[in-house]
Amino acid sequence: MHRSLLIATSSLTIALASATAHAAEVPVADVDALLAAIAAAQPGDTIVLAAGDYEVHQSKIACETPGTADAPIVVRAAEQGAAKLRLDSLEGFHVRAPYWRFEGLDIEGICAADSDCEHAFHITGAASNTHIVGNRLHGFNAMIKGNGEPIGPNDSYEHPDDVVVEYNEFFNDAPRDTSNPVTPIDVVGGQRWILRGNFIHDHAKGGGDNISYAAFLKGHAKDGVIERNLVVCELLHSGQVRLGLSLGGGGSGPDMICEDGACKPEHERGIVRNNLILNCSDVGIYVNAGADSKILNNTIYNTAGIDMRFAETTGVVHNNLLMGKIRDRDGAVTDKQNNVVEATLDQFAAWFADPAGQDFTLVDGAAFVDLGLAVPEVTDDYCGNDRNDGAPDIGAIEYDGEGCNGGLPVPGGSGGDTTTSGDTTGEPTTGEPTSGDSGEPTSGGSDGPTTTTNPGGTDGETSSGEPTGGATTQSATDGSSATAGDTSPATDDDGGCGCRSDVTAGGPLALLALLALRRRRRHS
């Protein structure tokens with residue numbers, strides 16, 4: 001027994017030493033070197049892309065060598081955002097092995113037809129513990145696609161778990177001219193996914209049903225967390241039916257592709273907290289068959305509100321600050337406490353400096369400051385600042401003097417770092433499975449410009465099961481479009497998040513600054 005243990009320990013030591021011996025920093029400066037480095041990657045390797053353009057013309061970039069927890073395989077830009085990958089293929093990085101990390105890349109789809117550029121990252125099967133951090137992704141229908149592969153016993157589907165997607169920017173310059181699903185983060189199955197601190201804007205589907213989401217976790221996914229994201233459904237362009245964040249999306253099927261071989265519930269024990277969601281033509285948060293869901297401390301501006309739908313949907317909706325209603329629909333039963341609902345544009349304009357421009361600097365917080373319910377799942381706010389003053393605020397931001405005012409999410413807060421059936425080839429899917437009943441939300445509308453806190457109960461229910469796009473972009477108090485609000489960066493001298501001046505040039509801050517400059521020119 002002792003000798004066997006010694007042999008096993010020695011073997012493990014040799015394996016770890018071998019992995020360490022292979023670890024290297026691999027600088028690359030052209031496409032051939034990049035592809036060769038990824039094909040030859042070993043645990044612990046860091047592939048560093050020099051600044052420049054990398055135009056890749058092949059079906060996918062296969063990432064199939066496993067990293068380890070102590071020695072992940074890293075692909076990163078030497079300078080944030082300066083390595084620009086241009087892809088004309090159905091997908092970019094196809095990750096099928098665990099412990100890969102991608103940092104600081106600018107990845108754009110350049111296909112002649114929008115239906116031909118599906119994913120910048122396709123994370124499948126055994127690709128657990130993948131990290132997608134600080135990238136700029138555009139020109140794809142679903143920039144990140146997660147789903148299972150039939151690689152388990154009896155060809156059962158296995159899904160990647162513990163994937164982290166944080167502090168990336170997702171957008172498209174124009175609505176996607178496709179009938180394929182359009183959702184920047186599209187995840188079917190998997191456990192403990194974290195979507196944190198991302199800037200998601202201008203996701204729009206120009207063909208088919210015209211319905212798109214900013215992000216969803218579905219396919220009987222479990223224990224997902226969607227937190228501290230900035231979602232602006234309409235910023236560069238408007239139209240179509242755009243939803244914010246979702247547990248369950250439009251539903252999944254057939255059962256074999258979902259976690260545990262069953263698609264209902266679509267999600268279990270999901271948490272959506274501390275997000276800022278703006279300018280969506282439909283609801284800001286949509287839960288479809290989400291068991292034990294927790295929708296906590298979100299600020300939702302210029303959308304139709306929150307929909308909790310279908311009998312599988314249970315859980316709580318607490319401390320949310322929003323325009324529109326919170327609706328239990330089609331058999332959903334949820335507990336609602338300390339929400340401010342059916343607020344108006346005028347009220348938001350009185351409460352905050354410039355909510356249309358993502359500036360939630362406090363002007364008058366009498367309706368929500370110190371009026372929240374203490375919940376154990378919310379210990380910090382949108383900026384990662386602690387909620388520790390003993391009287392939590394309603395909404396995504398805790399106004400306790402720590403300097404959080406909305407704007408772009410940035411790292412460094414106290415929150416920490418933490419398919420289609422029959423596809424057996426590992427190739428990406430081009431369509432999203434459905435479950436018969438589309439599960440799509442209906443936007444509904446506000447019955448009146450009232451603002452109340454509502455402990456318990458439901459705020460009403462719509463009878464239609466189809467999206468109506470009822471909460472179209474409305475006029476702000478100054479007569480300008482809420483979508484075209486002043487997006488000039490706000491200063492943040494107290495170390496909170498906000499629109500920070502130290503964000504890399506050419507990233508989301510540059511985009512917001514450009515929009516602000518255009519607005520000033522229009523009005524000068």
Side-chain angles (χ1 to χ4, degrees), residues 144 146 159 161-167 185-198 200 213-231 243-249 259 265-277 283-300 305-310 312-322 326 328 332-339 372-387 392-398 409 413-418:
I144 294 180
H159 300 78
D161 300 328
D162 301 296
V163 176
V164 177
V165 180
E166 61 182 355
Y167 302 109
I185 307 175
D186 175 333
V187 181
V188 180
Q191 301 185 41
R192 298 176 300 278
W193 279 62
I194 297 175
L195 314 182
R196 175 192 295 128
N198 300 287
I200 309 172
Y213 297 78
F216 56 60
L217 305 175
K218 66 175 188 175
H220 205 167
K222 300 176 183 179
D223 301 299
V225 176
I226 305 177
E227 65 177 352
R228 306 208 308 259
N229 300 282
L230 172 62
V231 176
L243 293 89
L245 303 171
S246 178
L247 301 173
E259 192 83 27
E266 287 286 344
H267 199 285
E268 289 189 65
R269 300 179 299 276
I271 298 176
V272 182
R273 65 187 173 204
N274 291 331
N275 299 282
L276 295 177
I277 306 171
V283 291
I285 295 176
Y286 177 58
V287 177
N288 170 12
D292 193 16
S293 301
K294 293 179 172 63
I295 311 301
L296 307 169
N297 287 90
N298 300 282
T299 297
I300 306 175
I306 299 172
D307 271 7
M308 311 293 288
R309 191 173 181 200
F310 297 122
E312 295 88 352
T313 295
T314 60
V316 301
V317 186
H318 295 162
N319 296 340
N320 299 281
L321 177 64
L322 63 146
I326 302 170
D328 280 350
V333 178
T334 61
D335 178 60
K336 305 166 193 64
Q337 296 187 46
N338 294 67
N339 300 289
L373 180 72
V375 291
E377 296 84 3
V378 180
T379 60
D380 59 9
D381 74 351
Y382 174 77
C383 295
N385 295 329
D386 289 332
R387 294 183 187 259
D393 299 346
I394 295 172
I397 297 174
E398 184 74 12
S414 62
D417 180 48
T418 37

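Along the sequence shown, residues carry numbers from 1. For clarity, every value in this text was computed on a predicted model and none was experimentally measured.
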Between Asn229 (side chain only) and Leu195 (backbone N and O only), is there a donor and an acceptor less than 3.5 Å apart?
yes

Asp162: partners by side-chain hydrogen bond (donor to acceptor under 3.5 Å, both in side chains), with sequence neighbours left out
Arg192

If I take atom CD1 from residue Ile185 and atom OG from residue Ser246, how far apart are they, to the nearest 0.5 angstrom?
12.5 Å

Indicate yes or no: does Arg273 engage Glu227 in a salt bridge with an N to O separation below 4.0 Å.
yes

What is the minimum heavy-atom distance between Val272 and Ile285, and which atoms define it?
CG1-CD1, 3.9 Å

Can you see which heavy atom on Thr299 is nearest to which on Ala396, and at what distance?
OG1-N, 2.9 Å

Please round to the nearest 0.5 Å and tell me the distance separating atom OG1 of Thr313 and atom CG of Leu247.
9.0 Å

Spell out, as yes or no, whether a donor-acceptor pair under 3.5 Å connects the side chain of Asn319 to the backbone of Gly395.
no

Nearest heavy atoms of Asp161 and Trp193, plus distance in Å
CA-NE1, 4.5 Å

Closest contact, heavy atoms only, Val375 versus Asn297
CG2-OD1, 4.4 Å

Heavy-atom check, side chain of Phe216 versus side chain of Val187, under 4.5 Å:
no

Could you measure the distance from the CD1 atom of Ile306 to the CD1 atom of Ile326? Nearest 0.5 Å is fine.
4.5 Å

Side chains of Val378 and Lys294, heavy atoms from C-beta outward: is any pair under 4.5 Å?
no

Given 3.5 Å as the limit, does a donor-acceptor pair link the side chain of Asn275 with the main chain of Ile226, or not?
yes

Closest heavy-atom pair, Tyr167 versus Arg228, reported as atoms and distance to 0.1 Å, is OH-NH2, 3.1 Å

Spell out, as yes or no, whether a donor-acceptor pair under 3.5 Å connects the side chain of Glu266 to the backbone of Gly219.
yes

Do the side chains of His159 and Gln191 get nearer than 4.5 Å, heavy atoms only?
no

In Asn339, Asn274, Asn320, the residue satisfying side-chain hydrogen bond (donor to acceptor under 3.5 Å, both in side chains) with Asn298 is Asn320

Rounding to 0.5 Å, atoms CD1 (Ile394) and CD (Gln337) come to a distance of 11.0 Å

Would you mind reporting whether His318 and Asn338 have side-chain heavy atoms less than 4.5 Å apart?
no

Using modelled atom types only, decide if a donor and an acceptor are shared between the side chain of Thr314 and the backbone of Val333 within a distance under 3.5 Å.
no

Between CG of Asn385 and CG of Asp380, what distance do you get to the nearest 0.5 Å?
8.0 Å

Salt bridge (Lys or Arg N to Asp or Glu O under 4.0 Å) assessment of Arg387 paired with Asp381
CA-CA 7 Å; Arg387 294 183 187 259; Asp381 74 351; 5.5 Å; no

From Leu245 atom CG to Ile277 atom CD1, the distance as rounded to the nearest 0.5 Å
4.0 Å

Write down the atom of Leu296, the atom of Val316, and the distance for their closest heavy-atom approach.
CD2-CG2, 4.0 Å

